Amino acid sequence: MDVCVVVAVLMLCSMMVSTASSMSMNEAENSSEELRGNLLANGLGLTPQMGWNSWNHFNCKVDEKVIKETADALVSTGLAKLGYIYVNIAKWAQETEPELLFLTFPDDCWAEMHRDAKGNLLPKNSTFPSGIKALADYVHSKGLKLGIYSDAGQFTCSKTMPGSLGHEEQDAKTFASWGIDYLKYDNCYNDGTKPTVRYPVMTRALTKAGRPIFFSLCEWGDLHPALWGFKVGNSWRTTNDISDNWNSMLSIIDLNEVYADLARPGGWNDPDMLEVGNGGMKNNEYIAHFSLWAISKAPLLLGCDVRNLTKETFNIISNQEVIAVNQDSLGIQAKKVRMEGNSEIWAGPLSGNRVALVLLNRATVPHSITGNWDDIGIPENSVIEARDVWEHKTLETRFVGNLTANVEPHSCKMFVLKPIA
Ligand code: GLA
């Protein structure tokens with residue numbers, strides 16, 4: 001054989017070997033990445049988080065008095081017990097402290113504009129004079145969990161306090177040392193790099209901080225966080241901020257619905273916090289708001305003043321049957337399975353072969369709305385018992401093939417359907 005041919009064959013062989021080995025290295029990297037799965041892997045968020053956050057009602061006017069009084073109110077009203085059990089962290093918490101598990105936290109504006117000489121975040125002296133550690137101790141003594149807010153940028157959105165960009169490890173350690181259980185991480189005043197670059201830095205920092213901290217990503221759906229959020233956090237905002245009105249509420253839950261397949265235990269789509277009780281919507285509209293959030297496996301984070309609840313608001317947010325749909329162990333987000341103009345059918349599976357159903361009337365006139373078994377994923381000949389979870393009544397009719405209900409304007413009916421034959 002000609003020497004040149006031998007050299008060429010050897011070169012070809014060596015190229016093939018090196019290509020093969022680099023391919024297998026990539027494959028190995030990919031599969032170990034898959035095995036690693038969630039960078040965070042904190043075991044939290046097995047069901048959507050529940051609790052209360054200051055922003056929707058108080059904006060920047062939040063202080064330690066409001067947080068403490070809210071913690072007291074959550075306990076005295078019974079809300080903390082009434083299914084508002086932050087079961088997702090129950091697993092690890094049970095081992096250490098048998099307690100109620102409900103979250104409360106200040107949103108933006110809780111810190112001074114400047115860090116201390118060592119670069120640490122400083123609680124704002126005029127509003128949180130006792131510091132966050134003391135607040136955490138108080139909240140924990142009530143059997144609740146404490147969340148905190150920061151930002152993957154230079155400042156938070158209010159621009160009244162620093163963000164954590166470039167200080168991730170230091171801030172995560174500070175939060176852990178204060179006894180923080182939950183971090184909401186916003187996206188304002190960032191440096192223009194992608195959220196997929198900035199958010200995982202905090203994920204790693206939290207995993208090293210020495211305390212399980214639920215990580216709630218708040219990048220407003222900018223880079224479709226549903227596609228990558230599961231590896232980085234326990235929930236991800238899918239939309240811009242909610243406003244306390246019917247159209248905003250619906251537009252947000254519509255956007256969130258698109259990502260239904262990507263929610264699962266450990267990682268949830270977050271269409272923003274609840275406005276129930278803040279006064280901008282009618283009672284029936286708030287019932288629809290709460291129902292849609294519950295069936296969508298959205299975080300149930302109250303955003304009203306729980307120290308001053310009306311009976312109507314309390315009845316909505318304390319509905320255990322609706323909360324049970326949200327906290328169902330299957331953790332499958334419902335979908336809008338059919339639309340007919342302003343009439344919509346939302347449905348999703350629940351444990352025990354049951355199905356959650358919301359018949360939503362977006363119109364300003366009443367409508368009769370029908371959920372057909374083939375649309376909502378029930379075998380054609382199944383006989384169904386229907387529980388109206390707002391009326392707290394099991395209907396006498398046994399339903400075959402479909403269920404029809406009259407739905408008032410801007411209202412919904414919500415059922416749990418159970419096959420009995
Ligand atoms: C952003 C977030 C809100 C709230 C505010 C605080 O707009 O999306 O939920 O945290 O910042 O400034």
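Computed from a predicted model, the values in this text were never measured in an experiment. All values below come from the heavy atoms of this structure, side chains included, with hydrogens, waters and symmetry mates left out. Remember, it's 1-based here, ligands and their atoms both numbered in the order they're listed.
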**OP:** Indicate whether the side chain of Gln49 and that of Tyr182 have a donor and an acceptor atom separated by less than 3.5 Å.
**Re:** yes

**OP:** For Asn402, check side-chain hydrogen bond (donor to acceptor under 3.5 Å, both in side chains) against everything at least two apart and list the hits.
**Re:** none

**OP:** Just jot down the ring-ring contact (aromatic ring centres under 6.0 Å, His included) partners of Phe155, sequence neighbours excluded, or say none.
**Re:** Tyr189

Original post:
Atom CG in Asp388, atom CD in Glu321: separation rounded to 0.5 Å?
Top reply: 8.5 Å

Original post:
Is the distance between the ring centroids of Trp110 and Trp178 less than 6.0 Å?
Top reply: yes

Original post:
With sequence neighbours left out, what residues match Asp63 under side chain to side chain contact (heavy atoms under 4.5 Å, CB included)?
Top reply: Lys65, Val66, Thr127

**OP:** Using a strict cut-off of under 4.0 Å between a residue heavy atom and any atom of ligand 1, list the qualifying protein residues by chain and number.
**Re:** Trp55, Asp107, Asp108, Tyr149, Cys157, Ser158, Lys184, Asp186, Cys218, Trp220, Arg237, Asp241

